[in-house]
Protein chains: 2
Amino acid sequence: MKSGRVTLAHVAAVAKVDRAVISRVVNNDPTLNIRPETRERVLAAVAALGYRPNVAARSLRTARAHMFGLFIPDFANPVYAEIIKGAEAAAAALSYVLVTGSAAGAGLGGYIDLLGQGRIDGLLLAGAEEEAGLLEQLDRATVPWIMLNRRSPSVKRYVILDDERAARLAVEHLVGLGHRRVGHLAGPVGADTALRRSAGYSAAMRDAGLPDGPVVAADYTPAGGAAAMTALLADPDPPTAVFVANVASAIGAMESARAAGLEIPRQISMVAVHDLDLASYLAPPLTTVRMPLAELGRRGVALLGSLKLDESVEEVLDGPIELIVRLSTAPPYMA
Amino acid sequence: MKSGRVTLAHVAAVAKVDRAVISRVVNNDPTLNIRPETRERVLAAVAALGYRPNVAARSLRTARAHMFGLFIPDFANPVYAEIIKGAEAAAAALSYVLVTGSAAGAGLGGYIDLLGQGRIDGLLLAGAEEEAGLLEQLDRATVPWIMLNRRSPSVKRYVILDDERAARLAVEHLVGLGHRRVGHLAGPVGADTALRRSAGYSAAMRDAGLPDGPVVAADYTPAGGAAAMTALLADPDPPTAVFVANVASAIGAMESARAAGLEIPRQISMVAVHDLDLASYLAPPLTTVRMPLAELGRRGVALLGSLKLDESVEEVLDGPIELIVRLSTAPPYMA
DNA sequence: CTCGTTTAGTCAAACGTTTGACCTTCCACC
DNA sequence: GGTGGAAGGTCAAACGTTTGACTAAACGAG
């Protein structure tokens, strides 16, 4: 049971076979022909010495790091937490380690430089920020990469969620409650997810025979949502309900509504995209649309594992999207 | 500018020097004697070919992975997000990559197995969960490790925050507002942070000449806080203020108080340990004690970078601890 | 008994760096 | 003119695995 720097050579000496045999036994090489008793001897020696293959040597020889990268804008955002969890689980299932980095440091370019050559076998990119020279930065990494929930005109490697459908679900819920004037706190201008959610909003309104209500862009942050909600409430004909593109914005927006003296949901209903545990504990508990974020991470990793370099992927994930009705939505108050 | 599998040998061929020279130039080896023009030639070749050292080969030769590990219970908890950020920044400053793993998979043991031999040069452990066989699991990794904000009787390698002082700050704030009967939602039974915060609570009460109020243990989750708060409010002589050991518990506790028909802060004041952006957007905005969590991550990484195996570390971090007064605390309501 | 085949392994090169030891060439000094 | 030393590199081993090529022994068929 002694541990430490145990190499194949040590195990080979104990088991009285060549290093090659140990390697093949450890890796379950199907081409290996071996007597059961020899295999036993090898496994016993491996266990007795506590042998664990050296990752660096293996990587050097096989040119595979058995590690995937995941790059996110910010660890503090719980939306990414769920993606990370899914990706981590899928990676572990492939015996891969997931290394998650955030933009906190020197951005994507800095992260790629830090990783160096050969540390990861594939990279997942989550988050919507537009970085200048993104493609050049990615070229620098000699690694297959996939974008998560973001399309880009010049990029043909992505997995996205059906944000449009999520938006429709939310808006249909509001319309079903009787709301006729429904506003929209959209995401950041130009963000791909924002465009898709806004498209879903407009489509659902059109299908209901209603005109779009007031629309204001908002960052995916509480502060952004608060500011945007204040702007939206300044509309001469304020809506009775609001579809918010992101739960973080919604948290700020709720605060703004309260500050404006509006009672939720009696005077204004709110529903947001992305569910959080926390949503149940807000005042009032927030109605949300739950997206399969963990599945997004899982699928991304699975694709990295089976992707040829330069192969393109354009996939809309069809995981479950469900409306979670809590107390922030109700029929409009009839004055 | 071509990229791909460029090795020292390629660069050496172009620059017409030995591979050793390239290596020494790239690594700024001070023992190297070289003519300026040769150095120029080398650097030009490196740039022209886009050479980046292979991480696996370097790790194999030097027996250092230039990577640190950080193990946390859950990515969804924003408290850990701040630790991660600090650790990531400190690691980047040392040209190290930080690989963060969570307990979501097979726990610490599974994570260590997944990492394999030689992938990381040091491991940071955050979070308070008691895992059986923890020390054995750590022995399996042939790697220096440090616990973050958790002591354990058998372990002499940790960095902790001054949780006792944080608790005192919170309680002194409540007492200063005029509260005499102050309850306490403590952390999980046996958790080290819970013990230290509870000690601070009792000490501050004693210093104020007051008896301890009702104390109930609560998980560091909204659900745990909600349940505990309900129990605490069942006290025949309920407190006018509560010190909550963790902000996540406090979010649930606020909900319970509301459900019980209590208005915060008019009928009951609440203050919790750990600040979040989100705290400003709760209803009402929550008074908290901000702890230097990012600094905790930073310090942990810095210590890993400069630690000898088997050296012990017992450090109380003296970063800034500050009370952030929002609207959840007020003088007691005089009936 | 000989030949071919299977069984059960062995052998050694290769992956790309790093680094201590070594080797020229040139110059200064006596 | 010989010697010592510095300047400017070169050489080659080693890190620990993986894997295609090879081989010795045993066996069955003819």
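All chains are named by letter (A, B, ...) in the order of the sequence lines, taking the proteins before the strands, and each is independently numbered beginning at 1.
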- Across the strands shown, which category fits B/N54 at heavy-atom distances under 4.0 angstrom: base, sugar-phosphate, nothing? sugar-phosphate
- Task: Just call it for B/T7: base, sugar-phosphate, or nothing, with non-hydrogen atoms closer than 4.0 Å on any strand.
- Result: sugar-phosphate
- Axis-to-axis angle for the helix from C/dC1-D/dG30 to C/dC30-D/dG1, ends of five pairs each, to 10°, equals 60°
- Item | Along DNA chain C (nearest heavy atom to each residue), the more 5'-positioned of B/A20 and B/A56 | B/A56
- By side chain to side chain donor-acceptor pair (under 3.5 Å) - contacts of B/T31 (at least two apart): B/D29
- For A/E295, all residues meeting side chain to side chain donor-acceptor pair (under 3.5 Å), sequence neighbours excluded: A/R298
Results of salt bridge (charged side-chain N to carboxylate O under 4.0 Å, His left out) for [X] - residues two or more places apart only:
| X | result |
| --- | --- |
| A/D277 | none |
| A/D18 | none |
| A/R19 | none |

- Item | First and last nucleotide of DNA chain C, 5' to 3', lying under 4.0 Å from heavy atoms of chain B | C/dG16 to C/dG20
- Message: I need the CZ-C1' distance between A/R24 and D/dG20, as an integer number of Å.
- Response: 8 Å
- Task: Would you mind listing every salt bridge (Lys or Arg N to Asp or Glu O under 4.0 Å) that reaches into residues 65-88 of chain A, with sequence neighbours excluded?
- Result: A/D74-B/K85, A/E82-A/R290, A/K85-B/D74
- Restricting to pairs with a member in residues 58-71 of chain B, which pass side chain to side chain donor-acceptor pair (under 3.5 Å), not counting sequence neighbours? B/N27-B/R58, B/R64-B/Y96
Report, one line per pair, each donor and acceptor closer than 3.5 Å where one atom sits in a side chain of residues 35-45 of chain A; sequence neighbours left out.
from  : atom 1 : to    : atom 2 : distance (Å)
A/R41 : NE     : A/A15 : O      : 3.0
A/R41 : NH2    : A/A15 : O      : 3.1

- Task: Determine yes or no for a side-chain-to-main-chain donor-acceptor pair under 3.5 angstrom, with B/R150 supplying the side chain and B/A126 the backbone.
- Result: no
- Result for 5'-nearest mapping on DNA chain D, choosing between B/T38 and A/R19, is B/T38
- If you pin A/V21 and B/V17 to their nearest nucleotides in DNA chain D, which one's is more 5'? B/V17
- Task: Among residues two or more places apart or on two chains, list those pairs meeting ring pair (Phe, Tyr, Trp, His ring centres under 6.0 Å) that have a residue in residues 102-126 of chain A.
- Result: A/F71-A/Y111
- Query: For DNA chain C, which residues in residues 25-34 of chain A have a heavy atom at a distance below 4.0 Å?
  - Reply: A/N33, A/I34
- Message: Could you check whether any side-chain heavy atom of B/V301 comes within less than 4.5 Å of a side-chain heavy atom of B/L94, counting everything from C-beta outward?
- Response: yes
